[in-house]
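Lettering of chains follows the sequences in order, A, B, ..., and the numbering in each one begins at 1. In this text the structure is predicted, and so the values were computed from the model without any measurement.
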Protein chains: 2
Amino acid sequence: MEIIIDIEDPVPLFAQVMEQIKKAVLSGKKNPGEPLPSIRQLANDLELNNKTVAKAYRLLERDGVIQARGYRGTFIHPDAKANSRVDLTAWVLEELNETIEALRVKDVTDSEIRIAFTNIMNNHVN
Amino acid sequence: MEIIIDIEDPVPLFAQVMEQIKKAVLSGKKNPGEPLPSIRQLANDLELNNKTVAKAYRLLERDGVIQARGYRGTFIHPDAKANSRVDLTAWVLEELNETIEALRVKDVTDSEIRIAFTNIMNNHVN
DNA sequence: ATATGTACCATGTATGATAAGGGTACATAT
DNA sequence: ATATGTACCCTTATCATACATGGTACATAT
């Protein structure tokens, strides 16, 4: 894997890993079924913490870009190419923005929106 | 006015002021047309900053609980009782919660939701 | 043994943003 | 003069959060 990590970059490390794996899929450098380096291996290569790479892998799996097969390792997802095009972040932004705009037109202040948001996020058990 | 402010309370000061004025209206301690202490007066009594009380008054006026008549002072709104029952906060909570729940069932993490939320609120000009 | 993903405990650090306060000023009226 | 609501300027302190890190452990397989 030719992944380059820039510690100076404001983009979080785990996000940089995600970006570059997605790019490798979209450009055809990595194809469905092909194996990825193990979490520990990649973390070692990039001089990152295991947890940082694990986080990237976890999110990539949720997004259908990769598949974790336990002790057998991690592989590119069959639908990786299509799923790499989906920008979940943008979608979340749209959904939230729609709701917030609806509140604002009713003269709900940003303060009040923030307070409500904080309440919701805090009274939640993960 | 028998307003009691608790600095230890995590509820923001301006919200505490709002709550108690609404309560006074609902309990009949304050009736439509009756005057409220001036912003500076109340701020002085409660040992709060003018701006904090002004914020509470501004929001209460938006909610139709009080009426500001410029140099003449501030008074209880004619429809204060009905409008005090409208819990805008609860409504905002519901609206937001609905959207957030929809995101969560799609395995969007709370972290991602928070990041998106912060983006939206910051790129907004009041 | 060695390696896989995964899960849990924990800490530190830095950033960002809120709420609150301080000050000053204005037009309006008594 | 004095008081009203309102609108700006700027500052500060506290808090919450994300990120990254460290360690340990487990079931599973080669």
For residues 66-76 of chain B, run the donor-acceptor check on the side chains, cut-off 3.5 Å, and write out each pair with its distance to 0.1 Å, sequence neighbours left out.
none

When B:Gln16 is tested against each of B:Val11, B:Ile4, B:Ile21 for side chain to side chain contact (heavy atoms under 4.5 Å, CB included), which residue passes?
B:Val11
5'-to-3' dot-bracket of DNA chain C (Watson-Crick, G-U; under 3.5 angstrom; crossing pairs as [ ]; | other strand):
||||||||||||||||||||||||||||||
Given atom CD of B:Glu47 and atom C1' of C:dG22, what is their separation to the nearest angstrom?
16 Å
A:Asn122 side chain near A:Thr118 side chain, heavy-atom distance below 4.5 Å:
yes
Minimum heavy-atom distance between A:Ile7 and A:Leu13, given as atom pair plus value
CA-CD2, 4.4 Å
Between B:Ser38 and B:Arg114, who's closer to the 5' end of DNA chain D by nearest nucleotide?
B:Ser38
Whole Å only: how far is the CG atom of A:Asn50 from the P atom of C:dC9?
18 Å
Separation of C:dG23 C1' from B:Arg40 CZ (nearest whole Å):
12 Å
Salt bridge or not for A:Glu112 and A:Arg104, using N-O below 4.0 Å?
no
Any salt bridge linking A:Glu95 with B:Lys106? Criterion: basic side-chain nitrogen under 4.0 Å from a carboxylate oxygen.
no
How would you list, by chain and number, every residue that makes a side chain to side chain donor-acceptor pair (under 3.5 Å) with A:Thr99, sequence neighbours excluded?
B:Thr99
Give, ordered by number, those residues of residues 56-81 of chain A having at least one heavy-atom distance below 4.0 Å to an atom of DNA chain D; if nothing qualifies, reply none.
A:Tyr71
For the pair A:Val86 and A:Asp63, evaluate side-chain contact (heavy atoms from CB on, under 4.5 Å) and give the outcome as yes or no after the intermediate values.
CA-CA 8 Å; A:Val86 177; A:Asp63 294 346; over 6 Å; no
Both A:Thr52 and B:Glu112 contact DNA chain D. Taking the nearest nucleotide for each, which residue is further toward the 5' end?
B:Glu112
Below 3.5 Å, can you tabulate the donor-acceptor pairs from side chains in residues 43-56 of chain B to any protein atom, sequence neighbours excluded?
| residue | atom | partner | partner atom | Å |
| --- | --- | --- | --- | --- |
| B:Asp45 | OD1 | B:Gln41 | NE2 | 3.2 |
| B:Asn49 | OD1 | B:Lys51 | N | 2.7 |
| B:Lys55 | NZ | A:Ser111 | OG | 3.2 |

In short, B:Leu103 meets A:Val92 closest at the heavy-atom pair CD1-CG1, 3.9 Å
Which pair of non-hydrogen atoms, one from A:Gly64 and one from A:Asn83, has the smallest distance, and what is that distance?
O-ND2, 2.8 Å
In whole angstrom, give the distance that lies between atom CZ of A:Phe117 and atom P of C:dG16.
18 Å
Phosphate OP1/OP2 of C:dA19: any A:Ser111 side-chain N/O under 4.0 Å
yes
Interface limits on DNA chain D, where chain A has a heavy atom under 4.0 Å of a nucleotide atom
D:dT17 to D:dA29
